[in-house]
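The structure appears right after this line, and notes come after that.
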Amino acid sequence: MRASETSTGSRSIATAQHSQPTVSIVVPAFNEAGRIGDSLKKIDEFMRGSSLAYEVIVVDDGSTDETCTIIDRSGIKALRFIRNGRNHGKGYTVRQGVLAAAGKYVLFTDADLSAPIGELTKLLDVALNEDADVVIGSRAIDRRYIEKHQSRFREVGGIAFNLMVRSFLGLRLYDTQCGFKLFHRQRSRRIFERLTTHGFGFDPEVLFLAKRQGLRIREVPVHWSHSEGSEVRFLRHATVMFMDLVRIRWNMLTGKYS
């Protein structure tokens with residue numbers, strides 16, 4: 001059975017689970033009609049086959065295609081659906097889902113499941129065995145895990161962006177942009193409350209705030225396969241993401257994060 005809630009600019013369909021989920025899976029979506037149904041089915045099948053209590057939170061960011069209709073008809077009992085009336089950006093949407101989550105851990109995954117949902121087991125093992133607060137999937141630690149590469153232009157651009165992240169923010173991580181990250185919800189909540197980046201460049205700010213807060217961050221290789229149809233437009237978004245790094249650096253220097 002599902003319950004409905006209405007809030008400013010969003011609609012939520014909530015699961016009737018009574019116990020706290022072990023993991024909340026947050027899926028941001030924007031015009032994902034071509035794949036959201038299949039992705040949700042894969043997530044639900046994997047989680048039902050595990051021993052974990054879970055919830056799936058899909059945050060639609062103002063889609064103009066059939067994404068919302070497909071989500072409504074998915075039939076997933078553990079689904080919570082938040083719908084924004086207009087597009088805000090990926091960072092805003094992920095923040096919204098994480099702050100709405102109830103699980104002990106929160107996984108953020110891209111709607112295309114470029115990293116298979118089964119890789120969640122690997123991230124959870126590291127979180128539990130190493131008492132890590134943040135565990136991020138990485139394409140760069142061991143590129144043998146990449147089953148289908150992006151274009152060479154995008155890969156080189158990603159390497160260049162990582163060098164800028166290291167230089168501007170002091171993050172010694174190999175891949176901040178992989179859309180597969182696990183957070184201890186209570187310990188990480190504060191970093192999402194303070195997140196100011198609404199677009200695709202939100203990941204470095206999340207990880208910068210996590211480091212600044214003293215959270216334990218681990219990076220592990222995950223299987224990953226490039227999915228066509230990404231909403232990221234490299235040249236346009238690269239400029240915005242670079243400016244986001246400048247702004248985050250400025251916030252740090254001016255004490256905004258103090």
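No experiment lies behind these values; they were computed from the predicted model shown.
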Do [X] and [Y] have side chains that get closer than 4.5 Å, going by heavy atoms?
X    : Y    : result
F168 : M252 : no
Y257 : I248 : yes
F46  : Y54  : no
I136 : C178 : no
D61  : P28  : no
V56  : D44  : no
L120 : Y105 : no
D38  : L113 : no

Let me check something: do [X] and [Y] share a hydrophobic cluster, defined by ILVMFWY side-chain heavy atoms less than 4.5 Å apart, either directly or through other members?
X    : Y    : result
I159 : W224 : no
I141 : L163 : no
Y174 : F208 : no
W250 : M243 : no
L99  : V134 : yes

Counting N and O atoms only, with roles assigned by atom type, does the side chain of [X] sit under 3.5 Å from a partner on the main chain of [Y], one being a donor and the other an acceptor?
X    : Y    : result
S39  : A111 : yes
R185 : G103 : yes
T197 : G199 : no
D110 : D112 : no
N162 : L173 : yes
D60  : C68  : no
R216 : D131 : yes
Q20  : A102 : yes

Measuring from atom [atom1] of [X] to atom [atom2] of [Y], what distance do you get when rounded to the nearest 0.5 angstrom?
X    : Y    : atom1 : atom2 : answer
I146 : E155 : CD1   : CD    : 5.5 Å
I76  : I71  : CD1   : CD1   : 9.5 Å
D133 : H184 : CG    : NE2   : 7.0 Å
M47  : I43  : CE    : CD1   : 9.5 Å
Q177 : M241 : CD    : CE    : 4.0 Å

Could you check F192 against F108 for ring pair (Phe, Tyr, Trp, His ring centres under 6.0 Å), going step by step and ending with a plain yes or no? CA-CA 12 Å; F192 284 94; F108 143 58; 8.8 Å; no
Do [X] and [Y] pair up side chain to side chain, a donor and an acceptor below 3.5 Å, judged on atom types alone?
X   : Y    : answer
E32 : S63  : no
R35 : S227 : yes
N84 : Q96  : yes

Taking all atoms of both residues into account, what is the closest heavy-atom pair of [X] and [Y], and its distance?
X    : Y    : answer
E193 : R95  : O-NH2, 3.3 Å
T67  : A33  : OG1-N, 3.1 Å
S188 : L215 : OG-CD1, 3.9 Å
L40  : V58  : CD2-CG2, 3.7 Å
A132 : R218 : CB-CG, 3.7 Å
T109 : A115 : OG1-O, 4.5 Å

Above 12 or not: heavy atoms from other molecules or residues under 6.0 Å from [atom1] of [X]?
X    : atom1 : answer
K122 : NZ    : yes
M164 : CE    : yes
R172 : CZ    : yes
E66  : CD    : no
E147 : CD    : yes

Assign the ring pair Y92 / H88 to parallel, tilted or perpendicular, where the plane angle (0 to 90°) is split at 30° and 60°.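 Parallel.
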Parallel, tilted or perpendicular: ring planes of Y145 versus H223, cut at 30 and 60 degrees: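 It falls in the tilted class, 30° to 60°.
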Is the closest basic N to carboxylate O distance between [X] and [Y] below 4.0 Å?
X    : Y    : answer
K90  : D203 : no
R247 : D244 : yes
K42  : E45  : no

Please test L123 against V220 for side chain to side chain contact (heavy atoms under 4.5 Å, CB included), starting from the C-alpha separation and ending with a verdict. CA-CA 7 Å; L123 271 60; V220 298; 3.6 Å; yes
Side chain to side chain contact (heavy atoms under 4.5 Å, CB included) between L169 and L245: does it pass, once the steps are laid out? CA-CA 8 Å; L169 305 182; L245 288 182; 3.8 Å; yes
Stepwise side chain to side chain contact (heavy atoms under 4.5 Å, CB included) test for S74 and L79: CA-CA 9 Å; S74 66; L79 177 70; 3.6 Å; yes
Checking salt bridge (Lys or Arg N to Asp or Glu O under 4.0 Å) between D175 and each of R166, R143, K181, R139, which is the one that passes?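 The passing option is R139.
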Going through the distances and angles, do I117 and L107 end up as a side chain to side chain contact (heavy atoms under 4.5 Å, CB included)? CA-CA 10 Å; I117 188 60; L107 175 76; 3.8 Å; yes
